[in-house]
Amino acid sequence: MTGFSENRHWPADLLLKAASIRFVVFDIDGVMTDGRLYRDDAGNEIKAFHSRDGLGLKGLMRHGFIVAALTARTSRLVTARMAELGIEHVKQGRHDKRQALAELLRETGFSAEQTAYMGDDLVDWPAMVQTRLKLCPGDADGWILQHVDYATCAHGGRGAAREACELLLAAAGKLDAWRAEFEAINNSSADNAA
């Protein structure tokens with residue numbers, strides 16, 4: 001799978017802008033999923049989330065970031081996935097994302113200057129424009145691609161959220177520490193096996 005940021009070198013000005021971020025809001029459809037709406041024969045909605053995105057989101061939270069999900073649609077699958085990841089701030093069925101973002105800022109106590117927003121389409125822009133750091137997947141709407149601070153190499157539902165997480169961890173000086181946690185686990189397992 002391509003598009004992940006193992007060897008990514010972000011511009012210094014982007015890292016500087018991202019360094020003050022502590023609160024990260026993610027859209028769901030088109031960011032954490034590929035944006036397609038799947039339904040089975042009974043009409044039940046099906047969504048595909050990428051496990052690497054989930055690990056990145058957990059990494060952000062483990063290193064002191066607060067993560068929120070904000071979506072115009074309402075889905076039990078989103079409720080279940082966000083609970084599974086430990087994301088407590090979830091706003092669903094919110095077509096006015098600017099107002100929903102304002103509510104999230106009030107609820108968490110963060111300022112817009114401490115906030116990043118990752119969205120993929122025009123409905124996200126009224127919220128995105130309020131934040132310090134605007135992010136999108138590499139396959140976002142063309143207008144959005146032209147107006148964000150950073151578009152990931154990865155596409156929505158295929159590692160875009162993970163790439164954004166790694167950017168933010170790198171800007172906070174925590175990316176290497178996060179990766180080292182897994183190396184330590186690997187070394188510990190090898191020691192126990194000996």
Side-chain angles (χ1 to χ4, degrees), residues 1 3 21 23-61 65-108 110 112 115-131 133-165 167-168:
M1 181 170 201
I21 301 301
F23 182 47
V24 192
V25 181
F26 291 88
D27 178 33
I28 300 293
D29 295 311
V31 173
M32 290 194 200
T33 74
D34 67 8
R36 293 184 288 176
L37 304 175
Y38 300 90
R39 298 212 179 264
D40 65 16
D41 287 341
N44 297 312
E45 186 176 49
I46 301 167
K47 293 183 184 292
F49 296 95
H50 203 295
S51 61
R52 290 185 193 172
D53 287 342
L55 187 62
L57 294 164
K58 285 182 174 182
L60 274 184
M61 293 183 291
F65 291 84
I66 302 299
V67 173
L70 173 54
T71 178
R73 299 177 56 77
T74 301
S75 168
R76 289 177 301 192
L77 296 170
V78 170
T79 301
R81 180 62 174 153
M82 296 306 107
E84 182 178 68
L85 294 173
I87 297 173
E88 298 176 9
H89 302 282
V90 181
K91 301 269 185 201
Q92 295 193 67
R94 302 303 300 270
H95 297 281
D96 185 344
K97 291 190 175 187
R98 181 180 179 152
Q99 180 183 4
L101 174 66
E103 291 171 17
L104 283 167
L105 294 176
R106 279 194 304 274
E107 290 167 10
T108 61
F110 289 105
T115 304
Y117 188 106
M118 186 171 200
D120 72 305
D121 213 340
L122 299 174
V123 68
D124 296 301
W125 187 250
M128 291 173 83
V129 74
Q130 302 301 310
T131 64
L133 188 66
K134 299 150 204 51
L135 307 168
C136 76
D139 63 339
D141 170 79
W143 189 88
I144 294 293
L145 284 166
Q146 294 175 7
H147 289 85
V148 295
D149 298 302
Y150 181 71
T152 63
C153 295
H155 289 186
R158 298 191 53 81
R162 169 68 168 269
E163 191 175 330
C165 292
L167 162 65
L168 292 164

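Here the structure is a predicted model, which means the values were calculated and not measured.
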Where [X] and [Y] come nearest, the two heavy atoms and their spacing:
X	Y	result
Ala151	Leu145	CB-CD2, 3.6 Å
Leu101	Ala127	CD2-O, 3.3 Å
Cys165	Leu60	SG-CD1, 3.5 Å
Gly30	Pro137	O-CG, 3.2 Å
Phe23	Val67	CE1-C, 4.5 Å
Ala69	Ile28	CB-CD1, 3.8 Å

Side chain to side chain, [X] and [Y], heavy atoms closer than 4.5 Å:
X	Y	answer
Leu37	Asp29	yes
Lys91	Leu104	yes
Met32	Leu57	yes
Cys136	Tyr117	no
Tyr38	Lys47	no

Ion pair [X]/[Y], N-O distance below 4.0 Å:
X	Y	value
Arg76	Glu45	no
Arg36	Asp34	yes
Glu163	Arg52	no

Checklist entry - Is there a side-chain contact (heavy atoms from CB on, under 4.5 Å) between Asp27 and Met118 once you walk through the steps? => result CA-CA 6 Å; Asp27 178 33; Met118 186 171 200; over 6 Å; no

Checklist entry - Are the side chain of Asp149 and the backbone of Lys134 linked by a donor-acceptor contact shorter than 3.5 Å? => result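 Here the side-chain-to-backbone pair exists.
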
How many angstroms lie between [atom1] in [X] and [atom2] in [Y], if you round to the nearest 0.5 Å?
X	Y	atom1	atom2	value
Leu122	Ile144	CG	CD1	5.5 Å
Leu168	Leu133	CG	CG	6.5 Å
Phe49	Glu84	CZ	CD	9.5 Å
Leu70	Glu103	CG	CD	9.5 Å
Ile21	Phe110	CD1	CZ	10.5 Å
Leu85	Leu55	CG	CG	9.5 Å

Item to check | Verdict with reasoning, Arg158 to Asp53, per salt bridge (charged side-chain N to carboxylate O under 4.0 Å, His left out) | outcome: CA-CA 8 Å; Arg158 298 191 53 81; Asp53 287 342; over 6 Å; no

Next on the checklist: Does Val25 form a side-chain contact (heavy atoms from CB on, under 4.5 Å) with Met128? I'd like the steps, not just the answer.
Outcome noted: CA-CA 9 Å; Val25 181; Met128 291 173 83; over 6 Å; no

Checklist entry - When you look at Thr71 and Arg94, which way does the side-chain contact (heavy atoms from CB on, under 4.5 Å) test go after all the steps? => result CA-CA 6 Å; Thr71 178; Arg94 302 303 300 270; over 6 Å; no

Next on the checklist: Please evaluate residues Ile46 and Asp40 with respect to the criterion side-chain contact (heavy atoms from CB on, under 4.5 Å), reporting the C-alpha separation (whole Å), side-chain torsions for both, the decisive distance (0.1 Å), and the verdict.
Outcome noted: CA-CA 7 Å; Ile46 301 167; Asp40 65 16; 3.9 Å; yes

Checklist entry - Taking atom CD of Glu88 as the centre, does the number of heavy atoms from other residues, nucleotides or ligands within less than 6.0 Å exceed 12? => result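 Open.
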
Next on the checklist: Ignoring hydrogens and geometry beyond distance, is a side-chain donor-acceptor pair present between Gln92 and Ser75 at under 3.5 Å?
Outcome noted: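 No, no side-chain donor-acceptor pair sits under 3.5 Å.
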
Item to check | With Leu135, the side-chain contact (heavy atoms from CB on, under 4.5 Å) member among Val148, Thr152, Leu167 | outcome: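 Single pass found, and it is Leu167.
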
